Engineer: 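Just passing along the structure, written as structure tokens.
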Amino acid sequence: MIYALAVFAPLLGAMVAGLLGRSIGDKAAMTASVGGMVVAAICGPLAFLQLTVGDAHPGVIDLGTWMEAGKFHVEWSLRYDTLSAAMVGMVSFVAMLIHVYSIGYMGHDSYPRYRFFAYLSLFTFAMLMLVTADNLAQLFFGWEGVGLCSYLLIGYWYDRPSACAAAMKAFIVNRVADLPFAVGLALIFFKYGSIEFAGIFPAVAAHAADTYHLCGWTFSANETIGFLLFIGAMGKSAQLGLHVWLPDAMEGPTPVSALIHAATMVTAGVFLMARMSPLMEFAPYALSFVTIVGASTALFAATVGCTQNDIKRVIAYSTCSQLGYMFVAAGVGAYQASVFHLITHAFFKALLFLGAGSVIHAMSDEQDLRKMGGLAKLIPATCFVMWIGNLALAGIPPLAGSYSKDAIISAAWLAHSGVGNYAFVCTVAAAFLTAFYSWRLLFMCFHGRSRADHHVLEHVHESPYVMLVPLFVLSIGAVFAGWALHGWFIGEGWKTFWNGAIFNGPHNEIVENLEHVPGWVEAAPLVVGLLGIALAYYMYMLSPLTPIRLAERFGGLYRFLLNKWYFDELYAAIFVRPLICLSKVLWRTGDATIIDGVPNGLAWLTSGSSRQVVKIQSGSVAVYAFAMLIGVVALIGYYVIYR
């Protein structure tokens, strides 16, 4: 009962705010939305604790039949195991804090706030449906639900062209990825005869040798399905190639950015890999692809984050990079470490985004780091929590990031494979860059001399308590979550804790050996992290002209990173502009000329002919008699000539 209440309380809040908001007013709608989230935030962690340390047992909560057509049968039910319960606890708690924070952040917004809170609660409900799904149809429902809500929230300020463009970009890129994902779901049904997890997972080993034949090529069935599922995850979790929507999502309000990047949408792909671990374990080539893409994304996004000047975009690329870490862990078979980093990351990334929102709120909506500096004395509370968030992100012990990120780097080394070594090098390099760009942000924003406009500085003020309290609570999670959860997720008791919710193959001993890595491997993340912080301190505190000189000396490299490896320009040249040109041709030729032109031409011909024929109907008897005479003469002439 508590578990189901945690899932459906946000839906109730969304319905009250969305359907009745106009009539009951913004304050009542916000109260309903936040109230639903408070209930969920209490029930979700309680349900998790009942399962892990209480007397509750894993199971399925049936809510009724959803779809039934021949052999296709889908129940509407909630899966209650360690993986789902951990996700429900994290999503409900972090989303509740974001809801509370939004009361202050959106307090002076000119748009109807009931609409914003309705979308926010609906977003949370869609994610909860995704993580509690007991079948792939229900998971796909939540999967598309978070996609829809992200479109609504990114484009919330719909009178801004940039926000509308960002919302469409996110929606379209995710639809591109969702096509192979949907094909993968269809192949699962045709191969296993079911989309219920209880029908799929026990049968995976029996279908390990099954193949598909296409165009003279033979493909493993499980490998094919694994590749297709991961492509869907690449879109939702913004991995390299399908990442281009994530930075533009910053056009939405900052609480939306925090919810997307920390607790909901982008974590869906990582969750999918963990949930489908019984199948992915029989798709080693697909897992290698997951590892390569994850490692490449971690390094790519970290390089871009070093040159961005928008405070939210730096944190956005940080999210992209950290998601790459999570996929590295899943790719080498350490799904537990992947989910562990997902949970700890939710706390410190939500903290960083909401802290950035507090800075933007204080700076009269200014987001450019080059126009900040010296804010520590003006907004000390925000500075304090941002220090904690950046320490956690940089992986400095004993904060949360050091436990989970270090475990992923160790897992990559323990893979003892080509892709594992590649992932190890990329993740260590990304750890150095992560520490550098996170502390670059901190120094440019809070320390050194102020570069802000004098008029802006006059209005700088600390955020209200309704915004600061969630930041302090998230700070506690950023400090202690790694220490508190380490023993359960990847420590000695990990098998008992997970209780079969995540599957590891018989030859997969990565998690068991995480505590048995060489000292230099264990120390590498901390060493490179400290070096990254030291470099940022030197460049932005001791020698602030050094970044300018480097940008001028290595102008090509700087522009390459500043323009995000030119992915947007490349896609515009390959896909966007050709499709726009093709669309114009099809519109002008196919639509306007043929589809509209032929019927319209026939209509014009009929109308024109009618206007000419009407002229004959003059009403004059003499004209009619003359016409009859012409007809008689024509007939007589015909018979005379041809008869």
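Because only heavy atoms are used, hydrogens play no part in the values below, and waters and symmetry mates are left out as well, while side chains stay in. Remember, predicted model here, so these are calculated numbers, not experimental data. Heads up: numbering here begins at 1 and tracks the sequence.
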Engineer: Return the orientation label for the Y105 and Y101 ring planes: parallel under 30°, perpendicular over 60°, tilted otherwise.
Structural biologist: parallel

Engineer: Does any part of the side chain of I533, heavy atoms only, come nearer than 4.5 Å to the side chain of I396, both counted from C-beta?
Structural biologist: yes

Engineer: If every non-hydrogen atom of A249 is compared with every non-hydrogen atom of S257, which pair is closest and at what distance?
Structural biologist: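 Minimum heavy-atom separation between A249 and S257: O-OG, 4.1 Å.
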
Engineer: NZ/K236 to CG/L242 distance, rounded to the nearest 0.5 angstrom?
Structural biologist: 11.5 Å

Engineer: Quick one: closest heavy-atom pair of P470 and M467, and the distance?
Structural biologist: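 Of all heavy-atom pairs spanning P470 and M467, the closest is CD-O, 3.4 Å.
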
Engineer: Does a side-chain N-to-carboxylate-O contact under 4.0 Å join D368 and R313?
Structural biologist: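 No, this pair does not count.
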
Engineer: How long is the straight-line distance from CD1 of I476 back to CG of L471, given to the nearest 0.5 Å?
Structural biologist: 11.5 Å

Engineer: Going through the checks in order, is the side-chain contact (heavy atoms from CB on, under 4.5 Å) test met by F271 and L83?
Structural biologist: CA-CA 9 Å; F271 170 81; L83 178 59; 3.7 Å; yes

Engineer: Taking atom types as modelled and ignoring hydrogens, do the side chains of N504 and E281 form a donor-acceptor contact shorter than 3.5 angstrom?
Structural biologist: no

Engineer: First locate atom OG1 of T124, then atom CE of M96, and finally report the distance between them rounded to the nearest 0.5 Å.
Structural biologist: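 T124 OG1 to M96 CE: 11.5 Å, rounded to 0.5 Å.
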
Engineer: With heavy-atom distances below 4.5 Å as the criterion, would you say the side chains of L299 and L433 are in contact?
Structural biologist: yes

Engineer: For E522, look at atom CD and say whether over 12 heavy atoms of other residues, nucleotides or ligands are found less than 6.0 Å away.
Structural biologist: no

Engineer: Could you walk me through whether S318 and K349 pass the side-chain contact (heavy atoms from CB on, under 4.5 Å) test, one step at a time?
Structural biologist: CA-CA 9 Å; S318 170; K349 189 50 59 69; 3.0 Å; yes

Engineer: Indicate the atoms forming the closest heavy-atom contact of V528 with A431, along with that distance.
Structural biologist: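 Taking V528 first and A431 second, the nearest heavy atoms are CG2-CB, 3.8 Å.
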
Engineer: Could you check if a side-chain atom of L375 sits within less than 4.5 angstrom of a side-chain atom of M363, using non-hydrogen atoms only?
Structural biologist: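 Yes; the side chains approach each other to less than 4.5 Å.
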
Engineer: How many angstroms lie between CE in M444 and CD1 in I311, if you round to the nearest 0.5 Å?
Structural biologist: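 Nearest 0.5 Å value for the CE-CD1 distance: 10.0 Å.
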
Engineer: Is the W483-Y403 ring centre distance short of 6.0 angstrom?
Structural biologist: no

Engineer: Can you find a pair of side-chain heavy atoms, one from L51 and one from P58, that are under 4.5 Å apart?
Structural biologist: yes

Engineer: Identify the heavy atoms of A430 and S321 that sit nearest to each other, and give their distance.
Structural biologist: CB-OG, 4.4 Å

Engineer: Distance check, rounded to the nearest 0.5 Å: D406 atom CG versus Y325 atom OH?
Structural biologist: 9.0 Å

Engineer: Is the ring pair F424/W520 parallel, tilted or perpendicular, if the boundaries are 30 and 60 degrees?
Structural biologist: perpendicular

Engineer: Parallel, tilted or perpendicular for Y3 and Y80, by the 30°/60° rule?
Structural biologist: tilted

Engineer: Looking only at the side chains, is there a donor atom on one of S121 and S33 sitting less than 3.5 Å from an acceptor on the other?
Structural biologist: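 Looking only at side-chain atoms, S33 and S121 do form a donor-acceptor pair, the distance falling under 3.5 Å.
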
Engineer: Is the H341 ring parallel, tilted or perpendicular to the F348 ring (thresholds 30°, 60°)?
Structural biologist: tilted

Engineer: I need the T297 OG1 to M326 CE distance, nearest 0.5 Å.
Structural biologist: 12.0 Å

Engineer: Run M265 and M127 through side-chain contact (heavy atoms from CB on, under 4.5 Å) and show every step you take.
Structural biologist: CA-CA 7 Å; M265 186 169 172; M127 187 64 189; 6.0 Å; no

Engineer: Before accepting this row, confirm whether a basic side-chain N of the pair K312/D310 lies closer than 4.0 Å to the acidic partner's carboxylate O.
Structural biologist: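 Salt bridge absent between K312 and D310.
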
Engineer: Between H345 and K405, is there a side-chain heavy-atom distance shorter than 4.5 Å?
Structural biologist: no

Engineer: In sequence, state the C-alpha distance, the side-chain angles, and the governing distance for T307 and Y437, and then conclude on side chain to side chain donor-acceptor pair (under 3.5 Å).
Structural biologist: CA-CA 8 Å; T307 58; Y437 69 66; over 6 Å; no

Engineer: Do you know which two heavy atoms are closest between H361 and H461, and how far apart they sit?
Structural biologist: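 Nearest pair, atom of H361 first, then H461: NE2-NE2, 3.5 Å.
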
Engineer: Between R275 and S84, what is the shortest heavy-atom contact and its length?
Structural biologist: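 Here R275 and S84 meet closest at NH2-OG, 2.6 Å.
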
Engineer: Are side-chain heavy atoms of V359 and M372 found at a separation under 4.5 Å?
Structural biologist: yes

Engineer: Step by step, work out the side chain to side chain donor-acceptor pair (under 3.5 Å) result for T382 and E462.
Structural biologist: CA-CA 7 Å; T382 300; E462 191 63 88; 2.6 Å; yes

Engineer: Count the heavy atoms belonging to other residues, nucleotides or ligands that lie under 6.0 Å from CD of E512, then report whether that count exceeds 12.
Structural biologist: yes

Engineer: Is there side-chain contact between W498 and F489, with heavy atoms separated by less than 4.5 Å?
Structural biologist: yes

Engineer: So for atom NE2, which belongs to H57, do other residues, nucleotides or ligands contribute more than 12 heavy atoms lying within a distance under 6.0 Å?
Structural biologist: no

Engineer: Hey, is the main chain of G395 close enough, under 3.5 Å, to the side chain of S402 for a donor-acceptor pair?
Structural biologist: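 It does not hold such a pair.
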
Engineer: Compute the ring centroids of Y537 and F443, then answer whether they are less than 6.0 Å apart.
Structural biologist: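 Between Y537 and F443, the centre distance is under 6.0 Å.
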
Engineer: What class does the angle between the rings of H447 and W387 fall in, given that below 30° is parallel, 30 to 60° is tilted and above 60° is perpendicular?
Structural biologist: perpendicular

Engineer: Do the ring planes of F436 and Y540 sit parallel (below 30°), tilted (30 to 60°) or perpendicular (above 60°)?
Structural biologist: tilted

Engineer: Does the plane of the ring in F125 sit parallel, tilted or perpendicular to the ring in F8? Use 30° and 60° as the thresholds.
Structural biologist: tilted

